[in-house]
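A short write-up of the structure that comes next.
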Protein chains: 2
Amino acid sequence: MKNFSYFLSHSVYMISIMQTKQDNSSKKYIDLPLYVQIKHKILLALEQGLWKSGDLIPSESDLATTYEVSQGTIRKALDELVQQQLLIRRQGSGTFVATHQEEQSKYRFLHLANSAGVIEDSQNKILLCTHQKAPKIVYVSFKMQAEDIFVHIRRLMSFNGKPIVFEDIWLPCPLFGDISLELLASWSGSMYGLFESHFGVHMTHAEERIHAVLPSDMAAEYLGIDALVPVLDVFRVAYTYGDRPVEVRQAQYITTEHHYFNRIG
Amino acid sequence: MKNFSYFLSHSVYMISIMQTKQDNSSKKYIDLPLYVQIKHKILLALEQGLWKSGDLIPSESDLATTYEVSQGTIRKALDELVQQQLLIRRQGSGTFVATHQEEQSKYRFLHLANSAGVIEDSQNKILLCTHQKAPKIVYVSFKMQAEDIFVHIRRLMSFNGKPIVFEDIWLPCPLFGDISLELLASWSGSMYGLFESHFGVHMTHAEERIHAVLPSDMAAEYLGIDALVPVLDVFRVAYTYGDRPVEVRQAQYITTEHHYFNRIG
DNA sequence: CAGTGGTCTAGACCACTTC
DNA sequence: AAGTGGTCTAGACCACTGC
């Protein structure tokens, strides 16, 4: 145990502590708060893949002893990570690394609902899975070069049998090199669930930019709409731990019977 | 318009606390946790306008003594309210009711940026401010009737001198009855700042539904675009404390040089 | 300097899950 | 029964603000 305990004053006992532990008593709070430091350490473990999606992490009291802080401090660090949806707590069981395998997070990134405000189940069809160069907007988002090769996936999502979303997905080869159409076609869960279980890449957050446009020729064809029907263009960059961009996708949504929803607050 | 001193509202609050205080010692954790109960009580005070936007609320230790709990429990309740942006903490000064008057919250509800990802300052022009019946989508959102009268505001927002957003805003008369074009035109801050300072209505959150559409004739005219240029249709319902809907607006955004942005995570 | 929020501790007990 | 997260307390001290 550490402890700049306030009550232990000038005793021989204290000397033995100071031999094994640096003297914090003179430099309090000049660094970041302890719980922030611990949060960073846990984040580092997640970034480096020490703990993988779905893993049980050490208990709060274990972490408290290893980091030499109180359980309350550990708790505060975990609180923020749980809040960022990087960890999940289960009372009685433990604290786990968040995963996209659960049903609840299936549509966490797809903000599409029907006129009734209901999020429907989708039927997905993979149209394409190749390795090739990418448009400028893509490789710039990854801070890579025009010559670099990416995985390119094209997909059609349908709701109630009607095609609604046509999208192009781009992934950096180093991470997703051996992905294939067969693998994608055989996978029944969410795409981010697949990325996680097969490539160890967990998406933590994303940024979307939305425009109203006329559909591309190809989108109009696959979506079965007239070239003059406005569609929602959704450009997404998705990130993993440490704000590393690991996916770019450009989708076009038909919004005659659906809408993009967003909560502000 | 504010300034009931918080001491007054606080003492009223105290009475209600003393009345509802019960013996916790025999029945632990069978009700909601203490900090949740306290959070609800504070929320109630906000809903009822006991504490108004910008007001200083009692200190954590004051609240702790009035609620007969520890400071840590008060802190946990406040933590969540701060997180919801209903309260703001200022170290050394105190805890305040959140307000839309601050510069930082000026564009909290407007998710519009230019191609560079920069949120620009807008120039606003009020085109209309009348009292009249509203479309079905509006009165249904308020759970009111077709015959009911609403305030109807029409506004044009420009960025760098170019009109980009055309919007119709609907407000329930009981709350905003004496709003006028003169008042709106003379106000230089954000619209939610005006609602707050002149009508005591603080927007806490909103929900938006977004479609890609062709512009209405009127929108096309005011925005100076061709009737065949797709625009983003943003339908918003904004809420105040207690999830009460207090504003509906339908806007059309030109997205050729701007985009709607959203963070998922 | 007094008062406020911010951090941290040590310890107690409750509620839940698992064996 | 053992172990885990969830709640709560009492008290200490730090960092900041305003008078």
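Quick caveat, the model's predicted, so the values are computed rather than measured. Chain letters run A, B, ... following the sequence lines, proteins first, then strands; residues in each count from 1.
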Could you tell me whether the phosphate oxygens of C/dT7, OP1 or OP2, come under 4.0 Å of any side-chain nitrogen or oxygen in A/Y35? yes
All ring pair (Phe, Tyr, Trp, His ring centres under 6.0 Å) counterparts of B/H259, not counting sequence neighbours: A/H211
Salt-bridge contact A/E60-A/R89 (side-chain N to carboxylate O under 4.0 Å): yes
Calculate the interatomic distance between B/F96 atom CZ and D/dG18 atom C1'; express it in whole Å. 11 Å
Output yes when at least one side-chain N/O atom of A/R89 is less than 4.0 Å from OP1 or OP2 of D/dT4, else no. no
In terms of relative ring orientation, are B/F199 and B/F176 parallel, tilted or perpendicular, with 30° and 60° separating the classes? tilted
Classify the ring geometry of A/Y260 against B/Y260: parallel below 30°, tilted from 30° to 60°, perpendicular beyond 60°. perpendicular
Return yes if a side-chain donor-acceptor contact under 3.5 Å exists between B/D79 and B/Y35, otherwise no. no
How many whole angstroms separate atom CD of B/E60 from atom P of D/dC13? 19 Å
In whole angstrom, give the distance that lies between atom CG of A/L56 and atom P of D/dG5. 8 Å
Hey, does the side chain of B/T95 come within less than 4.0 Å of C/dG5's phosphate (OP1/OP2), counting only N and O? yes
Write down the distance between CZ (B/R75) and C1' (D/dC13), rounded to a whole number of angstrom. 14 Å
Nearest-angstrom distance from the residue atom CG of B/D79 to C1' of C/dG6: 10 Å
Under 4.0 angstrom between A/T73 side-chain N/O and C/dT9 OP1 or OP2: yes
Counting only side-chain N and O atoms of A/K76, is one of them less than 4.0 Å from OP1 or OP2 of C/dT7? yes
When you compare the protein's N or O atoms with those of nucleotides 17-19 of chain C, which come within less than 3.5 Å of each other, and at what distance?
from, atom 1, to, atom 2, distance (Å)
C/dT17, O3', A/S93, OG, 3.0

Rounded to whole Å, the CD1-P distance (A/I74 to D/dT4) equals 14 Å
Measure the distance from CD on A/Q71 to P on C/dT9 and round it to the nearest whole Å. 11 Å
For the pair made of CD1 in A/I88 and C1' in D/dT4, what is the distance, rounded to whole Å? 16 Å
Go through the steps for B/E120 and B/N160 under the test side-chain hydrogen bond (donor to acceptor under 3.5 Å, both in side chains), then give the verdict. CA-CA 8 Å; B/E120 305 170 315; B/N160 276 321; 3.2 Å; yes
Sequence neighbours excluded - salt bridge (charged side-chain N to carboxylate O under 4.0 Å, His left out) pairs with any residue from residues 183-209 of chain A: A/E208-A/R236
